[in-house]
Each structure stands twice: as structure tokens, then as C-alpha cells.
Amino acid sequence: MANNTPQAIRGTQDIFGAEAEAFAFVVETFERVRKLYRFRRAEMPVFEKTEVFARSIGETTDVVSKEMYSFEDRGGESLTLRPEFTAGIARAYLTNGWQQHAPLKLATHGPLFRYERPQKGRYRQFHQLDAEIIGAGEPQADVELLAMADQLLKELGIADGVTLQLNTLGDADSREAWRTALVEYFRDVRDELSEDSQERLEKNPLRILDSKDARDRAFVADAPQIDDFLGAEAQDFFAAVTSGLDAAGVAWTRNSALVRGLDYYRHTAFEFVTDRLGAQGTVLGGGRYDGLMESLGGPATPAVGWAAGIERLAMLVGECGESRLEIAVAAESRDREADAASAVTMFRRMGISAELFASGSPRKRYDKARKTDPGVLISMDVREGNNVQNWLATLPEIDRQDEAFRAFLSRWDIPDEDLK
RNA sequence: GCGAUCGUAGCUCAGUUGGUUAGAGCGCCGGUUUGUGGUACCGGAGGUCGGGGGUUCAAGACCCCUCGAUCGCCCCA
């Protein structure tokens, strides 16, 4: 069977049917909401020079060396399939002179690639929605961005069971002071931490805060809080974001353990989290990344953004059935196949969905058509030498049924007793 | 990179402590009931039991390796 057929690449997916409908529903909803908030559409390349991602991501060596899809092109240049949108958008912003549009609200969506082990809601080629506000340093930008995210989740119908967790990482100074305090605190209890967290103490101490290990959690509760290290400006900024969210009617909860691994993040960090997706509970996440543009050689540019996994959103949206067939036409005799085909074409040109059943055993075509549960089932046959048509409507009645019926009657007869 | 579970027809699965020609339902194709009918009945196509090696008189079943899937750990930009 398939022993000679190439297999799909690990972690890629072929999406079809109801799942594909759910996927499309997510994207369509995003496009609609994004226009309400006047975010402008952008399209970027799916690959960039590796340095675009390496420089923006910085020193987190694991991510750069092990988690990216990188390769050399024929000229020997290292290229990388985009693992995120933000770095590519920042590069486009700088290289295309989009500064002239600042503050710029951008939205995009499409495939991303990460060299990871697939698991629930996590693939090597996956798809995200993305929204960014570039060149806006005010907390109102954070609020607007979060309000859009909140409305998106509501319009997708998945807001129940999803909570917005919010934190601040402060400005560069407060962030650094906090980090130092954390390292000191955890170093004192180093031997009682999990093996993973002992490792993290050196590489990425902030990550200890969201460890899943019970041994770590005991200490996390009493760990130094960012609030104790925030300068007045940082405090004001966060207060403005939270009061702005309250004013906008966006519910949120404080999660002081919510962190970002990368250094360019400042101030607001947030995640919309659900308890319905196993280990991959984050449904939409982002934050303020005021330090990113400089790492790519651009001028200091404040920016804030988020991304959301389309697959995960689609899973929450659930079964999004394919739309019902409006009219099925069965040619129950070979002599009526041309008529049936022409009827189907007529309906389609009217903007009504129609499907032709004219293959296989003529006797079974009617049953086959009936199984699709169409709004209207038309059979076309030959009885005693005469062409015969039958029109059967089933509930719920389709839109424009009368119009379709009149159009059909203008070309083919239907006996009176068969009407309704 | 690590761990657990799993891998039999297009799909969902059976397959007894290893025993002879590998099964069912659904789907598909064809044929009956000369019919207004999502029915019923009959027949058919489709499997080197993920792949390779080993144990055995005998392996879909047991052992090893490998590939793949699922879920979790690490990581999460």
C-alpha cells in the first residue's frame, strides 16, 4: 500500500473537512476583528537570513541552535524558516521605511516553523495569527491590543474557561534588579530545587517561576516579586494598562510568575490561558518588546504585540461542520445526465450550492444523493418513455427555495401532486 | 534530546495461553426487490498484519532494532 508513497514530514499536518472549516473560521474571524480595530494587513516572507532571528532572539542558545529550521542556500548563506512573526516584521519595518507610518498597527497570519517534538496543539509547521503595534510607547497601545485579543476570543466563542493573565517585567533596570534578586534567592535553596531548575538557575533563572515541579513551586510562592523592584515610571505604566483594561471591560488576573525568556521584553507581558488543552494551555500570548528594534540595528522603537496559535484556537472552536448542501440533483437514468448537469450549473450560477449525482449505478444515485442530506433533492428520470422530474424539499428549508424552484420550473415540468 | 502508550483492509476495530486458507461493521463497486426510494438481501474489489532481523516445527501475537503516531518532559521566540 503506502510502502512506496513518501510520508509527510514529522510535525506537519494535512488539515481537511471539519477541522479545516474550523481553521478557516478562526482566520476569517481574525480578519474581521482586525479590521474593526484598523490593523493593517501585511505579508512577509516565510524565510529570512538566519541573523534576523538569531540577533533578535539573542543569547538563548538552545532556541537558536536546536529549535530553528535553518539551512544554507546555494550561495552558502544561512537562511531560516521563520519561527515567529515579530522578528521578520521588525526587519520589514526597518528595511522598508515603515517608520513613516508610525504608530503602525499591523496584522498578519500564516505558517511558522520550529524544530520541535510534536505534541498536542504543537507542530513543526504551525500557524499563527499575529498583531503588532509598532512605534507606540504608551500604555494605551497595550490596552488596545489586548482589547482586540479579548474581542477575538469572544467572537470565536471560546472566551469561557479562558483567562487573561497579566504581568509586568518593568523597565530594563527594574527587570535586571529583579533577576539578580531571584538568582540570589534560588541559589540559597539550590540543592532542594529540581534538577531542571538547578540548570535554569544558570541559564534562565526567570523560568524557574513557571516550573511545573512541586519541589520548585514550594519556593516560587515566596520568591522576590517584580513589584518590589519597579521604579515609579514602570509602576505608573502598569497601572495605566490595568486601569485601561478595566475601563475597556477586559477581565484580567495578575500572574506575577508570568515571565518572558528574552531580554528585549519590557513592561507588559500577558497570556490568555485555557485549562482545556492539556500541557499546551496558552492560547494567545505576547508583550511589549521595546528592546527588539535596536538588536536589529534600528533606532529605539517601542512596540507591543501578540500571537495566537490557529490550531489551538481551532481545537477550542470545536466541530465547525461543513455547510449543508442546498440542492442535490440525481440523474436516475443515463439519458438525463446532461439535463441534471445543466440544472446543477444553473443553480450554481444563481449562487446556490448544488451537487450532481450522475455516476455509478443509476439505481443507487438517488440514495447516494439522499445521504448527503440536501435542502432540496431533485431526481430526473425516464418513465415509460417520458422525462420525469421530482422535487423534494426537506427541513430546514433553504434560503431562496422559491426562487430556485421557479428557475427549475422554467425549464422542466413537475407534476402538480408532487408539489409540497 | 528524554519517557510512556500505540501501529491488523479507505475508516473504526476483533483476532482466545504463539497453531493451519487473517475477520466484522462502515465505506466503495456491481446486482436483485421493475421501483417515489436515506430500507432489505446477494455478490465483488481491497491486507507481504508499519518495516527489518531473531526465537520456534509454527509468529499478527514473543525478543531486538528501526520508522511513524499519540501524550507528556525539556524548550517555548
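Here is the naming used below: chain letters follow the sequence lines, and residue numbers restart at 1 for every chain.
- Across the protein-nucleic acid pair, A:K364 atom NZ and B:rC42 atom P stand 12 Å apart, rounded to whole Å.
- Listed here is the closest heavy atom pair of A:A404 and A:I352: CB-CD1, 3.8 Å.
- The same atom, C1', is picked in B:rG68 and in B:rU8; the two are 16 Å apart, to the nearest Å.
- Atom CZ of A:R215 is separated from atom C1' of B:rC73 by 13 Å (rounded to the nearest Å).
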Notebook entry, point to check: After noting the C-alpha distance and the side-chain angles of A:Y93 and A:E132, does the key distance pass the side chain to side chain donor-acceptor pair (under 3.5 Å) rule?
Noted result: CA-CA 11 Å; A:Y93 181 84; A:E132 316 274 352; over 6 Å; no
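- Between A:I89 and A:I134 the shortest side-chain heavy-atom distance falls below 4.5 Å.
- Going from the P atom of B:rG18 to that of B:rA58 covers 15 Å, rounded to whole Å.
- Listed pair A:N204 / B:rC74 fails the phosphate criterion, with no side-chain N or O lying under 4.0 Å from OP1 or OP2.
- Not one side-chain nitrogen or oxygen of A:Q7 sits closer than 4.0 Å to the OP1 or OP2 atom of B:rG68.
- Between A:K212 and B:rG72 there is no side-chain polar atom (N or O) within less than 4.0 angstrom of OP1 or OP2.
- For A:K120 and B:rU70, the shortest distance from a side-chain N or O to OP1 or OP2 is not below 4.0 Å.
- Here the C1' atom of nucleotide B:rC76 and the CZ atom of A:R260 are 9 Å apart, to the nearest Å.
- For the C1' atom pair drawn from B:rC57 and B:rU5, the interatomic distance equals 34 Å after rounding to whole Å.
- Using a cut-off of 4.0 Å between Lys/Arg side-chain N and Asp/Glu carboxylate O, A:E31 and A:R34 are scored as salt-bridged.
- Going from the C1' atom of B:rA14 to that of B:rC26 covers 15 Å, rounded to whole Å.
- Following rounding to the nearest Å, A:F85 (CZ) and B:rA77 (C1') show an atom-to-atom distance of 13 Å.
- Comparing the same atom, C1', in B:rG35 and in B:rU16 gives a spacing of 47 Å after rounding to whole Å.
- In this structure B:rC76 sits in no base pair that meets the Watson-Crick or G-U test at under 3.5 Å.
- Within the nucleic acid shown, A:T86 has no heavy atom closer than 4.0 Å to any nucleic acid atom.
- A:W306 places none of its side-chain heavy atoms less than 4.5 Å from the side chain of A:I133.
- Taking atom CG of residue A:D367 and atom P of nucleotide B:rC29, one finds them 12 Å apart after rounding to whole Å.
- In this pair, A:F408 and A:W391 present their aromatic rings tilted. The plane angle is within the 30 to 60° band.
- Picking from B:rG37, B:rC73, B:rA77 the nucleotide with the shortest atom distance to the side chain of A:S379 gives B:rG37.
- Heavy atoms of A:E332 sit under 4.0 angstrom from at least one base atom.
- OP1 or OP2 of B:rC75 lies within a sub-4.0 Å distance of a side-chain N or O belonging to A:R200.
- B:rA14: no Watson-Crick or G-U partner with both key distances under 3.5 Å is found in any strand.
- B:rG7 is paired with B:rC67 under the criterion used here, namely a Watson-Crick or G-U wobble arrangement in which both key atom distances are under 3.5 Å.
- Atom NZ of A:K368 is separated from atom C1' of B:rG27 by 11 Å (rounded to the nearest Å).
- The 5' end of RNA chain B is approached more closely, in terms of each residue's nearest nucleotide, by A:K371 than by the other of A:K371 and A:L392.
- A distance of about 14 Å separates the P atoms of B:rG3 and B:rC64, rounded to the whole Å.
- Going from the C1' atom of B:rA9 to that of B:rG1 covers 37 Å, rounded to whole Å.
- For A:R117 and B:rC73, a side-chain-to-base donor-acceptor distance below 3.5 Å is absent, hydrogens and geometry of angles not being considered.
- One interatomic measurement links the two molecules: CD of A:E199 to P of B:rC75, which rounds to 9 Å at whole-angstrom precision.
- Taking the side chain of A:Y366 as heavy atoms from C-beta on, and the options B:rC74, B:rU70, B:rG37, the nearest nucleotide is B:rG37.
- A:Y265 comes within contact range of the sugar-phosphate backbone alone, with a heavy-atom separation under 4.0 Å but no base atom that close.
- A close approach under 4.0 Å does not occur between any side-chain nitrogen or oxygen of A:R114 and OP1 or OP2 of B:rC76.
- Remark: A:E28 pairs with no residue by the salt bridge (Lys or Arg N to Asp or Glu O under 4.0 Å) rule, at least two apart or across chains.
- Mapping A:P362 and A:E84 onto RNA chain B by nearest heavy atom places A:P362 closer to the 5' end of the strand.
- Nucleotide B:rG60 is matched to nothing when pairs are restricted to Watson-Crick or G-U wobble geometry with both distances under 3.5 angstrom.
- A straight line from CG of A:D210 to C1' of B:rC73 spans 14 Å, rounded to a whole angstrom.
- Atom P of B:rG44 sits at a distance of 30 Å from the matching atom of B:rG37, rounded to the whole Å.
- Side chain of A:R122, nearest nucleotide from B:rG38, B:rC74, B:rA77: B:rC74.
- Applying the salt bridge (charged side-chain N to carboxylate O under 4.0 Å, His left out) test to every pair with at least one member in residues 157-179 of chain A, sequence neighbours left out, gives these pairs: A:R175-A:D263.
- In a base pair of the Watson-Crick type (N1 to N3 plus N6-O4 or O6-N4) or a G-U wobble (N1-O2 and O6-N3), with each distance short of 3.5 Å, B:rC41 is matched with B:rG31.
- At the phosphate of B:rG68, OP1 or OP2 sits under 4.0 Å from a side-chain N or O atom of A:R10.
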